[in-house]
Amino acid sequence: MELYHLYQNNYLVVLMFLLLGILLPVVALTAGKLLRPSKPTKEKQTTYESGIEPFHQSWVQYNVRYYIFALLFVIFDVETVFLYPWAVAYEKLGIFALIEMTIFIIMLLIGLIYAWKKKVLKWM
Amino acid sequence: MIQDLLYSAPSYLNTLIFFALGAGLLMMVLGFVTYAILAERKVIGFMQLRVGPNRVGGPLGLLQTVADVLKLLLKEDTIPKAADRPLFILAPVIAFAPAFMVLAVIPFSESLRFSDIGIGLLYYIAISGISTVGILMGGWASNNKYALLGGMRSAAQMISYEVPLVMSVIGIILLTGSLNLVEIVEAQQNLAYLFVQPLAFFIFIIASVAELNRTPFDLPEAESELVAGYHVEYSGFRWAFFMLTEYVYLFAMASITTILFLGGWNPIPFLDFIPGVIWFAIKFSFIVFVMIWIRATLPRLRADQLMSFGWKVLLPLALLNIFISAVIKEIWF
Amino acid sequence: MDSILLSALIFSPLLGILVLLFVPKTDEVVIKWVGLLATLLPLALAFLVFIGFDQTKEALQFAEQYKWIDFHIQPLDAGNDFVISYDLGVNGLSVVLLLLTAIVSTLAAAASVWIKDQWKGYFMLFLLLEIGMLGVFASQNLLLFFIFFEITLIPTFFLIGKWGYLDKEKAAYSFLIYNGLGSAILLIVFIILYMKAGTMNFTGLSAYLSQSPEMLERLYMGEDFRLGLLIALLVALGVKLPIVPLHSWMLQVHVQAPPPIVMIHSGILLKIGAYGLLQFGVGFFPGEFEKIAFWIALLGVINLLYGAFIAFVQIDFKKVLAYSSVSHMGIVLIGIASLTEAGTQGAMFQVVSHGLISALLFFIVGLIYQRTGTSLITHLGGLAKVMPITAGFLLVGGLASLGLPGMSGFISEFMAFLGLFKTMPVLAAIGTLGIILTAVYILRAVLTITFGETKPMLISIKEARFVEWLPALILTFFIILIGVYPAILSDMLHLTIEAMTAGKGAMS
Amino acid sequence: MSSVPLSVYLVLALILFCIGLYGALTKRNAVIVLISIELMLNAVNINLVAFAKFGINPNITGQIFALFTITVAAAEAAVGLAILIALYRNRKTVNVDEMNILKR
Amino acid sequence: MTTQKLLSFDWGMMAPEFTILIVATLLSLIDLFMPNKASRKPLALFAIAGVVIAIVFATLQIGDPTGSILFDTYRFDAFALAFKLLFLFATGLILLLAMDYKGEKNWQYRGEFFYLILTALLGAMMMASSADLITLFVGLELLSISSYILAGIRKTNLHSNEAAFKYVVNGGIATAITLFGMSYVYGLTGTTNLYSIGEALTDPIVEQNGFLLLIAFVMLFVGLSFKIAAAPFHMWAPDVYQGSPTPITAFLSVVSKTAGFVLILKVFILSFLSGQGGWHTTILLELQPYIAFIAGITMIVGNVIALRQRNIKRMFAYSSIAHAGYVLVPFVSLSLLVFKATWFYLLAYLLMNIGAFAVIQFISERDKSEDITAFSGLYKRSPLVAVMMSLFMISLAGLPFTAGFIGKFGIFMSTLSTGHYVLASVMVTTTVISYVYYFNVLVQMYFRNGVVDRIRPSVGLLLVMVICTVGTLAFGIYPSAALEFFHNGFDMTQLLEK
């Protein structure tokens with residue numbers, strides 16, 4: 001039961017931190033609202049474009065590279081799903097798991113080399 | 001004290017106490033931020049032989065940052081007409097909240113710690129990733145070309161360096177056999193992981209600098225190309241929160257580095273009469289200093305170099321490190 | 001067991017196909033000769049079988065049996081092994097039909113001289129068709145029967161669709177769909193029988209189905225179930241025969257297909273229906289067949305009258321003949337439905353005789369069409385003056401068709417009605433009306449074509465050469481032979497039909 | 001603060017799954033469709049983990065299954081996005097309704 | 001788990017899988033380090049060699065007793081082996097097609113094509129062997145994800161992109177639904193082992209939660225119906241088949257589909273039928289009428305809509321939907337013949353379908369058209385190809401002396417022996433409908449006139465066509481060759497033994 005309480009309490013703390021993390025900006029901004037002046041003009045509210053009149057929307061297509069990096073990230077980051085448990089339980093798993101994980105990492109590396117060779121990693 | 005609380009049955013009182021403790025930490029962190037900024041100015045000014053930053057307000061400039069904050073608080077807050085208003089307002093919150101949340105699991109000493117969850121390291125890595133969303137959101141919501149570009153770059157950079165960061169700590173997990181940060185610190189009683197895992201430390205430091213968007217990896221906010229990056233359109237206190245996020249992250253990153261590689265509150269042999277918290281503070285300060293030092297010394301990278309470096313150097317090295325660690329573990333332990 | 005004569009007979013057209021493969025496809029004369037000669041081999045073999053058939057034995061002859069497919073179903077009850085064999089063999093019915101097939105095929109091949117292009121493909125398909133037809137009649141196994149039955153579909157589809165007249169493709173599809181459906185139903189019935197009896201062999205199935213009703217009931221083969229199977233069979237084979245509501249495809253085929261193919265189609269393919277009805281319907285389900293005999297006879301009479309009436313108003317001679325086929329198939333149904341020996345004999349006689357007569361008539365139609373480019377009765381007239389020999393054969397064919405004594409048609413109609421009068425006199429009486437009608441429409445058509453004033457466009461037509469009317473002569477010979485000496489057939493059929501109509505099962 | 005019963009997790013998962021399914025079937029934006037699929041897969045994860053902890057026979061297998069689901073979902077998402085990018089490059093749209101050049 | 005334990009597993013049993021894995025890995029590396037402007041055709045030959053070696057390994061395993069490794073998650077039994085051989089054989093043929101495929105600009109420099117086919121094959125083989133939901137799922141996804149990429153591998157081709165995207169979305173939804181079903185199965189039984197599930201489902205506690213089991217069953221079935229493109233979950237198939245490169249269409253319609261059936265047979269028969277509750281009360285038997293309904297609808301939809309198609313690949317998509325319906329029939333009937341009928345039909349389907357796709361690839365590349373009229377006058381252009389195509393069509397239509405006929409015959413036997421007369425009638429009727437569109441191809445080839453030029457297929461395509469022709473004919477005339485092989489080599493009771 002104690003352990004269960006510990007478990008719950010730990011996450012309660014985390015929850016409190018989340019609450020604080022949200023509260024601080026909210027409180028500070030609300031407080032600021034009372035203090036700061038507010039005299040919006042049209043000029044103030046235009047988008048900044050180094051002094052010239054802004055043109056077009058900015059929500060345009062950006063370079064597709066960004067997506068590809070995102071894809072790469074997804075793949076490599078998710079591999080940790082396997083790497084972390086393996087690392088934690090490594091002592092119990094022993095050499096065989098090492099060999100398996102080596103194969104796994106080699107596969108990962110092949111993926112990396114693939115991306116590399118296909119010039120995905122090149123910016124611009 | 002906290003330990004007892006953690007083992008007792010959850011109640012509203014407990015919740016309140018946790019809240020108060022968290023608020024205490026928050027205050028502490030804010031204090032840190034205030035003086036970290038000052039320290040950064042001073043150290044950089046000193047290193048770069050600039051006189052200006054050393055002559056700032058208050059005794060020794062101690063009040064300079066406070067004045068800055070007050071100024072920001074009183075500044076008018078403009079939201080561009082073209083912006084996506086709800087997202088624009090939400091973005092700083094989403095950036096800041098996780099930065100503070102990660103502190104929940106960091107043990108500063110044997111007794112001074114908050115949450116002691118079994119998967120502390122995973123929690124840290126998982127939560128810290130959320131900030132990227134806030135930055136991206138801010139950049140996008142501004143509806144400004146610089147901001148968008150800055151936001152995108154920042155996101156690309158953060159996710160690119162997230163991978164080596166995540167991979168580099170696997171060596172430590174391997175050696176410890178746990179994700180719990182306390183256990184990791186305790187495992188370093190004899191020898192800090194800095195010496196066992198130098199490669200991992202190297203990767204981790206570089207990746208964390210990149211994660212923090214600090215020079216030489218400060219492309220997202222490169223003044224000379226992008227004006228100010230993702231927060232061009234932010235002003236007043238909203239802008240302050242992005243700034244705050246960065247420094248709170250600096251705090252968190254320095255803490256986690258201390259814990260992972262420098263042995264946390266473990267004293268140097270023969271000096272164990274000094275309390276753990278002090279040891280922690282010393283190591284922590286050292287890391288912060290190194291970060292500032294790096295900023296003062298190195299020029300900014302080019303965007304393409306940045307990406308290539310992350311994927312082509314750090315990631316293979318990190319993978320290699322996993323393998324080396326496993327072999328070391330197999331042979332020595 | 002040791003004779004391979006039947007296999008040799010069935011697959012002998014393959015030799016022709018192989019030879020044709022190596023003939024250049026532009027070489028018209030060689031191809032046609034090879035095609036014709038290739039049909040002589042099965043003809044010779046069929047004669048051998050016919051002559052070698054021992055009329056005094058009721059048992060299967062020239063039987064062959066090899067293990068072919070084994071699905072290895074664990075037998076639910078011992079004794080059934082669920083093996084499908086390659087089973088061949090002939091009884092009285094099949095031996096007659098085999099010979100008929102061989103004869104008509106050879107003559108149709110001879111008639112194929114009129115084919116204008118793509119001779120190579122034509123003859124290869126033609127020979128393939130012959131394999132299918134021969135196989136159907138020699139099979140002693142449901143699967144084999146079915147396979148050969150389906151084999152006939154593919155070449156026929158092509159032969160109609162490629163070498164036919166204007167609406168050929170529609171006719172080909174119509175043929176395919178109707179017969180496909182028919183054969184599909186057939187397949188279901190066959191497999192149900194297989195799964196119940198554990199064998200596909202005709203003899204084995206007869207034995208299985210002639211168990212006591214109580215026993216069959218216990219094997220989940222109750223009376224209603226058997227009746228259902230029989231009706232399904234009737235539908236399936238009724239498409240082929242064709243029985244009236246299912247006949248529309250057959251008209252299209254007869255009108256659109258090239259003459260030699262119509263000869264084969266009308267002469268043999270339709271008879272598969274009759275053969276199947278006798279072999280499976282009467283052979284496997286004698287008791288149930290008796291129950292619905294009246295309805296079958298009724299269908300027969302309807303076929304007879306309907307075909308005759310419609311034929312009466314047609315102006316295209318091909319259509320007249322097509323409806324007359326419908327009408328004549330009615331007689332087959334009547335004969336079978338009578339379930340007397342005489343009636344069944346009559347039905348078989350009708351099968352053979354109609355095969356010969358319709359082959360003759362369609363041959364003549366083809367000949368005329370070849371010369372005149374038309375088959376409309378109104379366009380043809382006074383043909384006797386320009387083409388006396390052809391017109392003569394037409395007359396002979398027509399008379400044979402309406403059942404003139406001394407020709408095969410008379411014998412078959414007479415015997416079929418004789419049988420029916422014994423069991424269902426009223427229906428028989430109505431049916432005889434059909435015979436009169438037949439006489440009327442045949443005479444109307446034939447006389448219009450042969451006599452009267454010669455149409456101006458026909459004046460310059462040349463008489464057919466000897467080789468061209470030789471097939472007609474041969475067919476006429478057989479028609480008259482059966483007409484004056486029916487024993488040549490009845491001796492063959494006697495024992496088998498006796499066994500069938502006695503309700504003992506076909507070959508037991 | 002008592003422990004949360006299994007059924008709550010199951011209902012949550014079911015709701016998420018239904019939202020995902022609805023989104024995947026009705027949304028016009030291709031990215032949202034892909035995200036909806038992820039939602040469905042995450043509903044599965046909730047189920048698996050809930051069963052692994054509070055199920056009739058609680059055991060670790062469910063969590064392991066969830067790990068595999070996560071990775072596979074990531075791979076699927078990556079492939080889906082990559083294909084979408086390729087499609088976008090040629091077609092300049094991510095609108096599902098406009099993906100109709102086949103059939104014609 | 002100790003090292004000894006792991007080493008004690010008989011890894012040699014995985015030889016075919018390892019071969020494929022190693023070849024795929026090597027291929028990917030070779031491809032990466034080959035000069036950019038070197039043709040990738042040799043890679044195909046290498047891949048084929050790998051498949052052949054794997055076939056040899058697999059053949060050597062015929063008749064081996066049941067074995068399992070990795071704590072019974074991966075099983076080697078006759079069932080797995082029989083289907084693995086099908087996969088390997090089909091993939092070998094498809095690689096031959098792929099070798100001669102001319103995709104888009106710079107296509108000959110694309111090596112991914114070949115090793116992704118191998119990884120997909122590996123997934124299918126894993127599915128055949130796995131005895132655990134997790135392994136099964138991983139295999140399924142390895143196959144699916146590889147197929148998604150393969151479908152969209154012509155990056156600059158809009159059809160290909162669109163096909164791939166539709167495939168991903170539909171496949172993803174299907175995966176999610178299947179998984180949701182699996183999660184309930186796991187929740188009810190607390191295990192992911194197929195055999196243990198079968199036992200655990202007889203537990204009374206499952207009966208109390210009958211509705212959960214029902215949801216699980218329905219979801220699993222729906223998800224898997226997506227994979228085999230059974231109506232009403234077939235909508236993706238026509239688009240995907242049309243847009244994919246032709247060899248991949250062949251792959252999807254043969255290997256993917258077969259794998260789907262392997263999954264269905266395995267999961268449902270092991271988990272939902274083999275429980276100790278016996279043969280009378282299991283949920284599979286209870287829901288049989290609904291599955292029969294799906295099978296019937298699938299046959300009708302596939303065959304009827306195929307009639308209207310002008311695009312040959314689309315027509316084949318519907319035809320393959322119809323065939324999925326046919327193969328579901330023995331599963332519905334669950335007679336003693338279920339494995340044999342399914343296996344033989346899939347073998348026949350493999351031969352005739354791949355053969356047909358070889359011809360389609362040949363013609364559509366030659367004429368840059370996938371319209372059915374591209375076939376017009378084929379008999380004059382290349383009589384041999386036309387005759388072979390006719391044979392495939394006749395076999396697909398299920399006419400005699402072809403493997404397709406015997407396959408259908410087996411299915412009918414399986415159906416009628418358990419008295420599913422209605423289903424058999426639907427199958428028979430739809431088969432007859434299918435004559436129309438299959439014969440339509442023949443009509444184009446023989447009756448219509450098209451371009452007049454002599455054309456010759458490349459060696460690879462010709463080889464595939466000839467192998468398929470020989471197989472279709474041989475198994476049609478003497479099916480015992482395959483049936484005896486199956487009967488003697490593969491003892492299906494191995495699947496059921498624990």
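Quick note on labels: first sequence line is chain A, next is B, and so on, each numbered from 1. Side chains included, hydrogens not; waters and symmetry mates left out as well; all remaining heavy atoms used.
For E:D453, the CG atom sits in a packed shell: over 12 heavy atoms of surrounding residues, nucleotides or ligands are nearer than 6.0 Å. No more than 12 heavy atoms of other residues, nucleotides or ligands sit less than 6.0 Å from atom CZ of E:R308. Heavy atoms from other residues, nucleotides or ligands lying under 6.0 Å from CD of C:E223 number 12 at most.
From C:I177, atom CD1 reaches atom CD1 of E:I433 across 8.0 Å, with rounding to the nearest 0.5 Å. Taken to the nearest 0.5 Å, the CG atom of C:L153 stands 6.5 Å off from the CG atom of E:L399. From C:L143, atom CG reaches atom CD1 of E:I406 across 6.0 Å, with rounding to the nearest 0.5 Å. E:T402 OG1 to C:I147 CD1: the interatomic distance, rounded to the nearest 0.5 Å, is 9.0 Å.
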Output, in order, the C-alpha distance, side-chain angles, deciding distance and verdict of ring pair (Phe, Tyr, Trp, His ring centres under 6.0 Å) for E:F405 and C:F146. CA-CA 11 Å; E:F405 170 71; C:F146 181 79; 5.6 Å; yes
Dump the intermediate steps for side chain to side chain contact (heavy atoms under 4.5 Å, CB included) on E:F409 and C:I84, then the final yes or no. CA-CA 12 Å; E:F409 190 81; C:I84 300 176; 3.7 Å; yes
Should E:Y435 and C:N179 be marked as a side chain to side chain contact (heavy atoms under 4.5 Å, CB included) after you check the CA-CA gap, both sets of side-chain angles, and the distance that decides it? CA-CA 11 Å; E:Y435 289 175; C:N179 285 283; over 6 Å; no
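Of residues 438-447 of chain E, those residues with a non-hydrogen atom less than 4.5 Å from any non-hydrogen atom of chain C are, in numerical order, E:F439, E:N440, E:L442, E:V443, E:Y446, E:F447. Within residues 156-173 of chain C, the residues that have a heavy atom under 4.5 Å from a heavy atom of chain E are C:F157, C:F158, C:G161, C:K162, C:E169, C:Y173, listed by number. Contacts between residues 226-240 of chain C and chain E, defined by a heavy-atom separation under 4.5 Å, are made by no residue at all. Contacts of residues 471-478 of chain E with chain C at a heavy-atom distance below 4.5 Å involve E:I477, E:Y478, listed in sequence order.
Taking both residues in full, the closest heavy atoms of E:L416 and C:I188 are given as CD1-O, 3.7 Å, listed atom of the first, atom of the second, then distance. When all heavy atoms of E:S480 and C:I69 are compared, the pair lying nearest together is OG-CA, 3.3 Å. Minimum interatomic distance between E:G398 and C:E150 (heavy atoms only, all atoms of both residues): O-OE1, 4.2 Å.
Proximity to chain C involves both the backbone and the side chain of E:S417, based on heavy atoms less than 4.5 angstrom apart. Proximity to chain C involves both the backbone and the side chain of E:S425, based on heavy atoms less than 4.5 angstrom apart. In this structure, chain C has a heavy atom under 4.5 Å from the side chain of E:L337, while its backbone stays farther away. E:Y379 touches chain C through its side chain: at least one heavy atom from C-beta onward sits under 4.5 Å away, while N, CA, C and O do not.
Interface remark: of the candidates E:P400, E:G410, E:A481, E:P400 forms the most heavy-atom pairs closer than 4.5 Å to chain C. By number of non-hydrogen pairs under 4.5 angstrom with chain E, the leading residue of C:I192, C:L176, C:L187 is C:L176.
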